**Student:** 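One structure, pasted below without further comment.
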Amino acid sequence: MRALRSLVGPDVLLTAVVKANAYGHGAVAVAKQALASGADWLAVAAVGEGLALRNAGLKSRILVVGPMAAGQAAAVVASGLTPTVNTLPVVRALSAAAQSAGKSVAVHLKVDTGMGRYGLLPEDMPAFALAVSALPGLVVEGLWTHFASAEDDEVYTQTQLATLLETHRALAVAGLTIPIRHCANSAGAILHPESRLDMVRCGGSLYGLYSAEASRPVVDLWPVMAIKSTVCRLHWLAAGGTVSYGRTFTASRATKVAFMPIGYADGLRRSRAHKASVLVRGQRAPLIGRICMDGCMADVTDIGEAAEGDEVVFLGRQGEAAITIEEWADQMETISYEVATGIGPRVPRVTVQGGVPLA
Ligand SMILES: *Cc1c(COP(=O)(O)O)cnc(C)c1O
């Protein structure tokens with residue numbers, strides 16, 4: 001967060017995107033630390049995620065970037081979330097809820113400038129925005145869009161940015177000046193400084209995940225997440241013995257097998273069987289056999305001193321060795337974001353500061 005703040009400077013609102021349980025890291029702990037480290041706002045995808053942060057005592061502005069339903073209007077107003085609104089039924093419900101609560105609600109409007117996902121097309125925005133601003137209890141505070149290819153397509157990104165600015169100008173001409181324009185995700189904020197406008201919305205970069213290789217030389221980020229388990233059982237398997245469901249691993253020699261209680265229900269996907277390794281005593285050990293729902297096995301024959309109770313690193317550093325999230329992503333044929341968000345709810349999240357666990 002501090003690296004991102006010094007990159008964008010003091011005058012741009014910095015929003016920490018903590019949707020999807022803070023990309024798997026634990027939304028409440030991350031939200032608190034992000035705000036303590038320079039974030040101005042939080043953003044989530046769903047109203048329910050915002051309510052959970054409020055219930056945990058977070059008082060900052062919370063932007064909901066995903067769509068909300070009309071039936072959520074009363075909860076949004078009562079909890080002081082800042083919704084993105086795209087349809088008349090939703091804004092009417094919000095206006096009614098705001099009036100009956102005696103409050104005024106700031107809303108943000110989303111333009112679809114080329115992501116093709118949701119939001120209003122630029123040509124439909126003026127009529128909608130003017131209708132929203134005419135409703136009692138609502139204040140149009142933000143106008144935003146989302147980049148499709150800020151990682152690697154300069155021309156398309158500039159076109160999207162220009163469309164957002166043109167839409168904003170057209171609204172101003174029609175008499176509605178919207179104070180906060182925003183469009184930059186991590187790659188936008190890092191690679192396209194002119195797209196920072198009034199606010200940036202950083203997710204992956206906050207967790208030390210690079211969505212673009214080109215971002216690495218621009219800002220120095222390091223991964224927040226490590227995944228660790230313990231050798232719970234160590235046993236010798238005779239040559240010819242097999243491991244796990246379907247017996248896909250047969251020992252070609254006497255093999256020392258370590259069992260760890262973490263499996264595919266925790267995000268250690270089955271597709272990584274016969275590809276993944278873990279770190280034990282600073283050395284790599286390959287996983288063997290199929291990954292189970294609640295556990296997996298590694299061959300530690302060549303790590304002579306390995307013992308029950310040893311720390312096993314699935315992701316992160318141990319001594320000089322490291323397993324990166326990109327290695328997981330390659331084995332799973334996906335991106336680091338999906339790896340992080342796929343870590344299951346059963347895995348305890350432990351916040352570590354200066355190497356010391358806080359809780
Ligand atoms: C997830 C998301 C972001 C954050 O994107 P990163 O690439 O993780 O920085 C920003 N804006 C919106 C609307 C999002 O859905």
Side-chain angles (χ1 to χ4, degrees), residues 1 3-5 7-8 12-25 27 30-31 34 38-50 53 61-68 81-86 107-120 141-153 156-157 160-161 163-164 180-193 195-216 218-219 221 223-225 325-326 329 334-343:
M1 199 79 243
L4 293 169
R5 170 57 77 196
L7 181 76
V8 303
V12 173
L13 287 170
L14 183 47
T15 293
V17 180
V18 295
K19 63 189 180 187
N21 198 25
Y23 291 44
H25 294 68
V30 167
D40 298 301
W41 290 38
L42 302 172
V44 293
V47 170
E49 295 178 307
L53 291 172
R61 297 293 304 269
I62 300 177
L63 176 68
V64 180
V65 295
M68 63 168 280
L81 301 178
T82 303
T84 297
V85 294
N86 298 301
V107 299
H108 286 223
L109 310 180
K110 176 164 193 211
V111 203
D112 179 1
T113 60
M115 176 74 175
R117 192 166 64 171
Y118 66 100
L120 279 90
E141 179 190 42
L143 183 74
W144 67 275
T145 194
H146 191 55
F147 289 140
S149 292
E151 296 74 24
D152 55 11
D153 193 330
Y156 199 76
T157 302
Q160 287 194 269
L161 172 59
T163 306
L164 176 69
I180 305 180
R181 306 155 302 163
H182 53 107
C183 54
N185 54 4
S186 293
I190 295 168
L191 297 174
H192 309 282
S195 77
R196 292 174 191 155
L197 304 180
D198 306 305
M199 178 157 107
V200 296
R201 309 182 304 264
C202 292
S205 52
L206 172 58
Y207 309 101
L209 307 175
Y210 284 98
S211 56
E213 283 303 309
S215 299
R216 289 185 193 271
V218 184
V219 61
L221 309 170
V224 170
M225 183 185 285
I325 199 161
E326 286 77 19
T334 184
I335 57 171
S336 59
Y337 286 26
E338 192 184 358
V339 175
T341 56
I343 303 307

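The shown structure was predicted, so the numbers you read here are calculated from the model rather than taken from an experiment. For ligands, and for the atoms within them, numbers begin at 1 and follow the listed sequence.
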**Student:** Please state which option from Asn185, Val65, Leu209 has its nearest heavy atom closest to atom 5 (O) of ligand 1.
**Tutor:**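 Of the listed residues, Asn185 has the closest heavy atom.
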**Student:** Say whether, by atom type as modelled, one donor and one acceptor occur between the side chain of Arg181 and the main chain of Leu143 under 3.5 angstrom.
**Tutor:**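 Judged by distance alone, no pair lies under 3.5 Å.
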**Student:** Mind checking whether Tyr23 has an N or O less than 3.5 Å away from an N or O of ligand 1?
**Tutor:**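 Looking only at distances, the answer is yes, because the N/O contact criterion of under 3.5 Å is met.
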**Student:** Could you identify the single nearest non-hydrogen protein atom to atom 11 (N) of ligand 1 and state the distance to 0.1 Å?
**Tutor:**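 The protein heavy atom lying closest is Arg201 NE, 2.8 Å.
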**Student:** Between the main-chain N or O of Ala20 and the side-chain N or O of Glu49, is there a donor-acceptor pair closer than 3.5 Å?
**Tutor:**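 Confirmed, Glu49 side chain pairs with Ala20 backbone.
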**Student:** Leu209 and Ala340: which non-hydrogen atoms are nearest, and at how many Å?
**Tutor:**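 The answer is CD1-CB, 4.3 Å.
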**Student:** How far is atom 9 (O) of ligand 1 from its nearest protein heavy atom, and which residue and atom is that?
**Tutor:**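 So the nearest neighbour among protein heavy atoms is Ser186 OG, 2.5 Å.
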**Student:** Let me see the working for Thr15 and Arg201 under side chain to side chain donor-acceptor pair (under 3.5 Å), right down to the final yes or no.
**Tutor:** CA-CA 5 Å; Thr15 293; Arg201 309 182 304 264; over 6 Å; no
**Student:** Starting from atom 12 (C) of ligand 1, locate the nearest protein heavy atom and write down its residue, its atom name and how far away it is, to 0.1 Å.
**Tutor:**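 It is His146 CE1, 3.4 Å.
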**Student:** Within ligand 1, which atoms have a heavy atom of Gly204 less than 4.0 Å away?
**Tutor:**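 What qualifies from ligand 1 is 6 (P), 8 (O), 9 (O).
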**Student:** On a heavy-atom basis, which atom in Cys183 and which in Ser195 lie closest, and how many Å separate them?
**Tutor:**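 Heavy-atom minimum between the residues: SG-O, 3.3 Å.
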**Student:** Short list, please: which atoms of ligand 1 are under 4.0 Å from a heavy atom of Tyr337?
**Tutor:**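 Matching atoms, with element in brackets: 6 (P), 7 (O), 8 (O).
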**Student:** Look only at interatomic distance and state if Ser211 has a nitrogen or oxygen under 3.5 Å from any nitrogen or oxygen of ligand 1.
**Tutor:**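 No, Ser211 has no N/O under 3.5 Å of an N/O on ligand 1.
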**Student:** Has ligand 1 got any nitrogen or oxygen that is less than 3.5 angstrom from a nitrogen or oxygen of Gly203?
**Tutor:**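 Yes, at least one N or O pair falls under 3.5 Å.
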**Student:** Within the structure, does Lys19 bring an N/O atom to less than 3.5 angstrom of an N/O atom in ligand 1?
**Tutor:**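 Indeed, backbone or side chain, Lys19 has an N or O that close.
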**Student:** Does Gln160 reach the main-chain N or O of His146 with its side chain, forming a donor-acceptor pair under 3.5 Å?
**Tutor:**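 Judged by distance alone, yes, a pair lies under 3.5 Å.
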**Student:** Using a 4.0 Å cutoff against the non-hydrogen atoms of Trp144, which atoms of ligand 1 qualify?
**Tutor:**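 Counting atoms of ligand 1 from 1, those under 4.0 Å from Trp144 are 13 (C).
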**Student:** Under 4.0 Å between a side-chain nitrogen and a carboxylate oxygen: does that hold for Glu326 and Arg216?
**Tutor:**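 A salt bridge links Glu326 with Arg216.
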**Student:** Any chance you could measure Thr145, atom OG1, to Lys110, atom NZ, to the nearest 0.5 Å?
**Tutor:**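 Between atom OG1 of Thr145 and atom NZ of Lys110 there are 6.0 Å.
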